[in-house]
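Numbering of ligands and ligand atoms starts at 1, following listing order. We number each residue from 1, following the sequence as shown.
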Amino acid sequence: MDVQSLRDNFEILSQTIYNKPLIYFDNAATSQKPNLVLDTIREFETKWNANVHRGVHFLSNYCTDAVEKSRKTIAHFIGANSEREVVFTSGTTDSVNIIADTFGRSFLKPGDEILVSQMEHHSNFVPWQQIAHRHGAKFVVFDILDNGEVDLDDYKRKLNSKTRMVAFAHVSNALGTVNPIEQMIALARKFDTAIFVDGAQAIQHIKVNVQELDVDFYAFSGHKMYGPTGVGILYGKEAWLEKLPPYRFGGEMIEKVANDITTFNELPFKFEAGTPNYTAQIGLGKAVEYIETVGISNMCSHETELLEYATRRLKEMDGITIYGTSSHKTSVLSFLVDGIHPYDIGIMLDKMGIAVRTGNHCAQPLFTRLGIDGTVRASFAFYNTTEEIDFFIESLQKIISMFR
Ligand code: PMP
């Protein structure tokens, strides 16, 4: 993989911030978009814009064809059985809320249990907690180990015949841990429970096949996989999506409407009420085409090299603690520097042109468990380089010597 020439696909990477070359290490928060995606959006908006699934006219049909082509590309990319299982949403958060709400209304009763991990992003934690409360179900959290892996013994202890839903991340956004989801799904299959996997941090790093995983629901966001913001995917097994009621009501999700009764559209449109962000939906299909052209395994092996290199360089420094030390990780490096607040590190790195994230990364229960308030998080994408990591380490050394 020729990283330098791939970087040319991302105009934003060649700009300067405070007169310093931009070093973008905040890819877990959102990734950058290649020209293929940006050009598609611009071309669509300037030449073809019309509402999707509505018209008889040329432009509307063009839009409908482009959206459905994109859905097909995404269905193929994740190994779905058919496009009926691929619902366009506004992102992972929306996908979780759709299932938490509709599953809760249809299947949860007092005494049932929902089981989630201690490392979840708030968007795969709070919806389940609130839905459990609403329906009188018990919200159960299984623990992690100190190295940031899930505690499989605790998971096994807490799975039981009352468990109706287990929800966990494929990859932790805060620590980078890749969870053994094949094993976790197999363990859950011994019980009468549905399984929801948050793939927001996995889909851009790991080849995912939802049928091989035998997962009931899988969610991800466009903006973390080189696609547009405001669009995401909810994969659901057809049998599950058929059983669940609609989430929102309105245009597009109906079949027939009369004064006294409404029947609903077929899958996946039953879950797609109203005018969606169809431009972003088309852009997401292009982002997937881009990933397939570069090759996800090429991306992943370069990212692993970056992670290993950065981890080694950080470990050579004094007073650094790395959080998330599993041997199964994607390219997320979360750390603290003794005696310096993560926010101060973030602010100083920014002045050197380096974008990282600081804080609790929307995972407060995880950080409470780890006994810290947050970390500095550098998250790498395939377009980052070891030279950027060298500059990052040098900058960090300067900051530390200034503070000390
Ligand atoms: N889950 C994980 C693991 C995430 O990293 C994120 C985004 N940081 C989300 C869910 C939420 O995604 P979005 O804000 O795109 O809905």
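D39 contributes no side-chain N or O that, together with a main-chain N or O of L36, makes up a donor-acceptor pair within less than 3.5 Å. Distance alone, capped at 3.5 Å, is enough to place a donor-acceptor pair between the S172 side chain and the L175 backbone. Not a single donor-acceptor pair under 3.5 Å links the side chain of H170 to the backbone N or O of Q201.
Regarding atom 5 (O) of ligand 1, its nearest protein heavy-atom neighbour is Q201 NE2, 2.7 Å. Of all protein heavy atoms, the one closest to atom 8 (N) of ligand 1 is K224 NZ, 2.7 Å. Summary of contacts: the protein heavy atom closest to atom 1 (N) of ligand 1 is D198 OD2, 2.5 Å. Residue, atom and distance of the protein heavy atom nearest to atom 11 (C) of ligand 1 are S123 OG, 3.4 Å. Of the protein's non-hydrogen atoms, the one nearest atom 14 (O) of ligand 1 is T93 OG1, 3.7 Å. Looking at atom 4 (C) of ligand 1, its nearest protein heavy atom turns out to be H121 CD2, 3.4 Å.
Taking the six-membered ring for Trp and the full ring otherwise, the centers of H361 and F367 sit less than 6.0 Å from each other. Close placement of the F380 and F25 rings is indicated, their centers lying within 6.0 Å of each other.
Y343 and H341 have perpendicular rings, their planes meeting at more than 60° on a 0 to 90° scale where under 30° would count as parallel.
Close approach of ligand 1 to S221 is summarised as follows: ligand atoms under 4.0 Å from at least one heavy atom of the residue are 12 (O), 13 (P), 15 (O), 16 (O).
No heavy atom of E120 sits closer than 4.0 Å to any atom of ligand 1.
Side-chain atoms of E149 and S326 form a donor-acceptor pair, as typed in the model, at a separation below 3.5 Å.
Residue contacts with ligand 1 for H361 are absent, since no atom lies close enough (heavy atoms, distance under 4.0 Å).
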